[in-house]
Chemist: 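Below you will find the structure I want to go over with you.
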Amino acid sequence: MAAEIRLFPCLSDNFGYLIHDPASKATASIDAPEAAPVIKALQREGWHLTDILVTHHHADHVGGIAELKQKYDCRVVAPHDKAAAIPLVDERVKEGDTVMVGTLSARVLETPGHTLDHVSYVFDSERALFAADTLFSVGCGRVFEGTYPMMWDSLKKLRALPDDTRLYCGHEYTAANVKFALTIEPNNPALKARAAEVARLRAENKPTIPTLIGDEKRSNVFLRADDADVAAALHMKGMTAADVFGELRERKNKS
Ligand code: ZN
Ligand code: FE
């Protein structure tokens, strides 16, 4: 039976996500930005929280864990990197591990760069990727703890997923990402199409998520750092993709 996925806003621009397994009635929250909207979404659906799958240690992804754990006695699954303080962890996961949510299985991909502990969760049977602050729609996370080559490798790992994989990311940053991407690739037709779609969705107050990996491969300049046209647009012909990626990220930081 196909999983049910719900998304809802948390804090100022985070997404909260629930993934529910109708067969077992298990429900996981991907991260826990804050407890109240997660509880509200659970009550609206009549679901009981069984698991929290944590992507990384930042406060806007773990702030709701303690309250949710106390209310539901759910399992907390988190990255193996114990250097980062994540409260009340029951189970640590690393690259290649499988996490079960009832009968649904999620594959753990280590995607460091934004933080060193960052992991993404892929539900292969659902074609669903929860990438938090590694890959955004038409953007990517800031590189706080890792290096540019490290982050580029993480993005390539996500880019390699099937084109029909739905991307569920950590923040609603798409409009700002589109604005920046157009400064690099003003004539990219896929980006222009995405820009029009995003403008319409935002005008209707709708989320721009999920998107598809296949669409991101064409419209997201950060996934195209190894494209000769992107290197040429930055006057970086012949440089490594990681260098081109680093330049893109620095320009976005200053934009
Ligand atoms: Zn973060
Ligand atoms: Fe975040």
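Here the structure is a predicted model, which means the values were calculated and not measured.
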Chemist: Salt bridge check, Glu172 against Arg202: does any charged N sit closer than 4.0 Å to a carboxylate O?
Modeler: yes

Chemist: Using the test side chain to side chain contact (heavy atoms under 4.5 Å, CB included), find all partners of Ala231 that sit at least two apart in sequence or belong to another chain.
Modeler: Val244

Chemist: Under 6.0 Å from the CD atom of Gln70, do we count more than 12 heavy atoms belonging to anything else shown?
Modeler: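 No, because the 6.0 Å sphere around CD of Gln70 holds 12 heavy atoms or fewer from other groups.
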
Chemist: Given Arg159 and Asp226, is the salt bridge (Lys or Arg N to Asp or Glu O under 4.0 Å) satisfied, shown in steps?
Modeler: CA-CA 12 Å; Arg159 187 179 71 173; Asp226 53 356; 3.0 Å; yes

Chemist: Mind checking whether Val99 and Val108 have side chains closer than 4.5 Å, heavy atoms only?
Modeler: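 Result yes, sub-4.5 Å side-chain heavy-atom pair found.
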
Chemist: Taking Leu155 as the starting point, is it possible to reach Leu161 by hopping between hydrophobic residues whose side chains are less than 4.5 Å apart?
Modeler: yes

Chemist: Using the salt bridge (Lys or Arg N to Asp or Glu O under 4.0 Å) rule, collect all pairs that involve residues 16-45, keeping only residues at least two apart or in two chains.
Modeler: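 Pairs touching residues 16-45 that pass the test: Arg6-Glu45.
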
Chemist: Restricting to pairs with a member in residues 205-218, which pass salt bridge (Lys or Arg N to Asp or Glu O under 4.0 Å), not counting sequence neighbours?
Modeler: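 Checked against salt bridge (Lys or Arg N to Asp or Glu O under 4.0 Å) - neighbours excluded - the pairs reaching residues 205-218 are Asp163-Lys217, Glu204-Lys206, Asp215-Arg218.
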
Chemist: Search all heavy atoms of Phe245 against all heavy atoms of Val143 and return the closest pair with its distance.
Modeler: CE2-CG2, 4.3 Å

Chemist: Look up atom CG in Leu42 and atom OG in Ser29, then write down how far apart they are to the nearest 0.5 Å.
Modeler: 7.5 Å

Chemist: Identify whether Val178 and Ile213 are in the same connected component of the hydrophobic contact network (ILVMFWY, side-chain heavy atoms under 4.5 Å).
Modeler: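 Different clusters.
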
Chemist: Can you list the residues that meet the side chain to side chain contact (heavy atoms under 4.5 Å, CB included) rule with Asp229, with sequence neighbours excluded?
Modeler: Asp227

Chemist: Using side chain to side chain contact (heavy atoms under 4.5 Å, CB included), reason through Thr211 and Phe136 one step at a time and then give a plain yes or no.
Modeler: CA-CA 10 Å; Thr211 58; Phe136 296 128; over 6 Å; no

Chemist: Listed by chain and number, what are the side chain to side chain donor-acceptor pair (under 3.5 Å) partners of His80, not counting sequence neighbours?
Modeler: Glu110

Chemist: For Leu116 and Met150: C-alpha separation, side-chain torsions, deciding distance, then whether side chain to side chain contact (heavy atoms under 4.5 Å, CB included) applies.
Modeler: CA-CA 9 Å; Leu116 292 176; Met150 182 190 281; 3.8 Å; yes

Chemist: Can you confirm whether the side chains of Arg224 and Asn220 place a donor and an acceptor under 3.5 Å from each other?
Modeler: no

Chemist: Are Ile5 and Leu212 joined in one hydrophobic group, where the rule is that I, L, V, M, F, W and Y side chains link up if heavy atoms are under 4.5 Å apart?
Modeler: no

Chemist: Please walk me through it: do Asp133 and Thr55 pass side chain to side chain contact (heavy atoms under 4.5 Å, CB included)?
Modeler: CA-CA 8 Å; Asp133 293 0; Thr55 61; over 6 Å; no

Chemist: Checking side chain to side chain contact (heavy atoms under 4.5 Å, CB included) for the pair Val221/Leu191: CA distance, chi angles, key distance, verdict?
Modeler: CA-CA 9 Å; Val221 72; Leu191 175 58; over 6 Å; no

Chemist: Any non-hydrogen side-chain atom of Glu4 less than 4.5 Å from a side-chain atom of Leu18?
Modeler: no

Chemist: Give every residue pair that meets the salt bridge (Lys or Arg N to Asp or Glu O under 4.0 Å) criterion with at least one member in residues 230-246, sequence neighbours excluded.
Modeler: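 The answer is none; no pair qualifies.
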
Chemist: Run the side chain to side chain contact (heavy atoms under 4.5 Å, CB included) test against Ala28 and tell me which residues pass, sequence neighbours left out.
Modeler: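 By the side chain to side chain contact (heavy atoms under 4.5 Å, CB included) rule, Ala28 matches Ile19, Asp51, Leu53, Val101.
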
Chemist: Which pairs would a plain distance check flag for residues 7-16, meaning a side-chain donor or acceptor within less than 3.5 Å of a matching protein atom at least two apart in sequence or in another chain?
Modeler:
residue: Asp13; atom: OD1; partner: His171; partner atom: ND1; Å: 2.9
residue: Asn14; atom: ND2; partner: Asp60; partner atom: O; Å: 3.1
residue: Asn14; atom: ND2; partner: Asp60; partner atom: OD2; Å: 3.1

Chemist: Roughly how far, to the nearest 0.5 Å, is the CD atom of Glu197 from the OG atom of Ser219?
Modeler: 9.0 Å

Chemist: Looking at every non-hydrogen atom in both residues, tell me the closest pair between Ala225 and Ala241 and how far apart they are.
Modeler: CB-O, 3.6 Å

Chemist: State, to 0.1 Å, how close Ala242 and Pro149 come at their nearest heavy-atom pair, and which atoms those are.
Modeler: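 Heavy atoms of Ala242 and Pro149 come nearest at CB-CA, 3.9 Å.
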
Chemist: Tyr121 and Phe130: aromatic ring centres closer than 6.0 Å?
Modeler: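 So the answer is no for these two rings.
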
Chemist: Between Cys169 and Ile209, is there a side-chain heavy-atom distance shorter than 4.5 Å?
Modeler: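 Contact flag for Ile209/Cys169 side chains = yes.
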
Chemist: Say you draw a straight line from NZ of Lys94 to CG of Asp117; how long is it, rounded to the nearest 0.5 Å?
Modeler: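 Between atom NZ of Lys94 and atom CG of Asp117 there are 15.5 Å.
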
Chemist: Salt bridge or not between Arg251 and Glu247? Use side-chain N to carboxylate O under 4.0 Å.
Modeler: yes

Chemist: Only pairs at least two apart or in different chains count here, so list each ring-ring contact (aromatic ring centres under 6.0 Å, His included) that has a residue in residues 34-53.
Modeler: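 Checked against ring-ring contact (aromatic ring centres under 6.0 Å, His included) - neighbours excluded - the pairs reaching residues 34-53 are His20-Trp47, His48-Tyr72.
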
Chemist: Looking only at the aromatic ring of each residue, does the gap between the centers of His57 and His118 stay below 6.0 angstrom?
Modeler: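 Not close enough - the centres of the two rings lie 6.0 Å or further apart.
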
Chemist: We want to know whether Thr111 and Ser120 form a side-chain donor-acceptor pair, criterion being a heavy-atom distance below 3.5 angstrom.
Modeler: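 Indeed, the side chains of Thr111 and Ser120 share at least one donor-acceptor pair under 3.5 Å.
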
Chemist: Does the side chain of Val77 come within less than 4.5 Å of Ile52's, by heavy atoms?
Modeler: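 In short, these two side chains do not touch, never coming nearer than 4.5 Å.
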
Chemist: Donor-acceptor pairs are to be reported for all side-chain atoms of residues 84-93 against protein atoms at under 3.5 Å, with residues two or more places apart or in another chain.
Modeler:
residue: Asp90; atom: OD1; partner: Lys69; partner atom: NZ; Å: 3.2
residue: Asp90; atom: OD2; partner: Lys69; partner atom: NZ; Å: 2.6
residue: Asp90; atom: OD2; partner: Val76; partner atom: N; Å: 2.7
residue: Glu91; atom: OE1; partner: Arg75; partner atom: NH1; Å: 3.0
residue: Arg92; atom: NH1; partner: Pro79; partner atom: O; Å: 3.0

Chemist: Indicate whether any N or O donor in one side chain lies under 3.5 Å from an N or O acceptor in the other, for Ser137 and Arg194.
Modeler: yes

Chemist: I'd like to check the salt bridge (charged side-chain N to carboxylate O under 4.0 Å, His left out) partners of Arg166; sequence neighbours left out, ordered by chain and number.
Modeler: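 Per chain and number, Arg166 pairs via salt bridge (charged side-chain N to carboxylate O under 4.0 Å, His left out) with no residue.
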
Chemist: Can you find a heavy atom in the side chain of His56 that is under 4.5 Å from one in the side chain of Val119?
Modeler: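 In short, these two side chains do not touch, never coming nearer than 4.5 Å.
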
Chemist: Can you tell if the side chain of Arg127 reaches within under 4.5 Å of the side chain of Pro162, non-hydrogen atoms only?
Modeler: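 A side-chain contact exists here, since the closest heavy-atom pair is under 4.5 Å.
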
Chemist: In terms of heavy-atom contacts, does CD of Glu67 have more than 12 from other residues, nucleotides or ligands at under 6.0 Å?
Modeler: no

Chemist: State plainly whether one hydrophobic cluster holds both Met151 and Leu129, where clusters connect Ile, Leu, Val, Met, Phe, Trp and Tyr through side-chain heavy atoms under 4.5 angstrom apart.
Modeler: yes

Chemist: Shortest non-hydrogen contact from Cys74 to Leu49?
Modeler: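 For Cys74 versus Leu49, the nearest heavy atoms are CB-O, 3.7 Å.
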
Chemist: Heavy-atom distance under 4.5 Å between the side chains of Ser154 and Thr134, does that happen here?
Modeler: yes

Chemist: Report yes if some heavy atom in the side chain of Leu135 is under 4.5 Å from a heavy atom in the side chain of Phe222; otherwise report no.
Modeler: no

Chemist: Treating Ile, Leu, Val, Met, Phe, Trp and Tyr as nodes and any side-chain heavy-atom pair under 4.5 angstrom as an edge, say whether Tyr17 and Val38 lie in one connected cluster.
Modeler: no

Chemist: Filter on salt bridge (Lys or Arg N to Asp or Glu O under 4.0 Å), then keep only pairs touching residues 139-157, sequence neighbours left out; what's left?
Modeler: Glu95-Lys157, Asp153-Lys156

Chemist: In Å, rounded to the nearest 0.5 Å, how long is the span from CG of Asp73 to CG of Leu68?
Modeler: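 Result: 12.0 Å between the selected atoms.
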
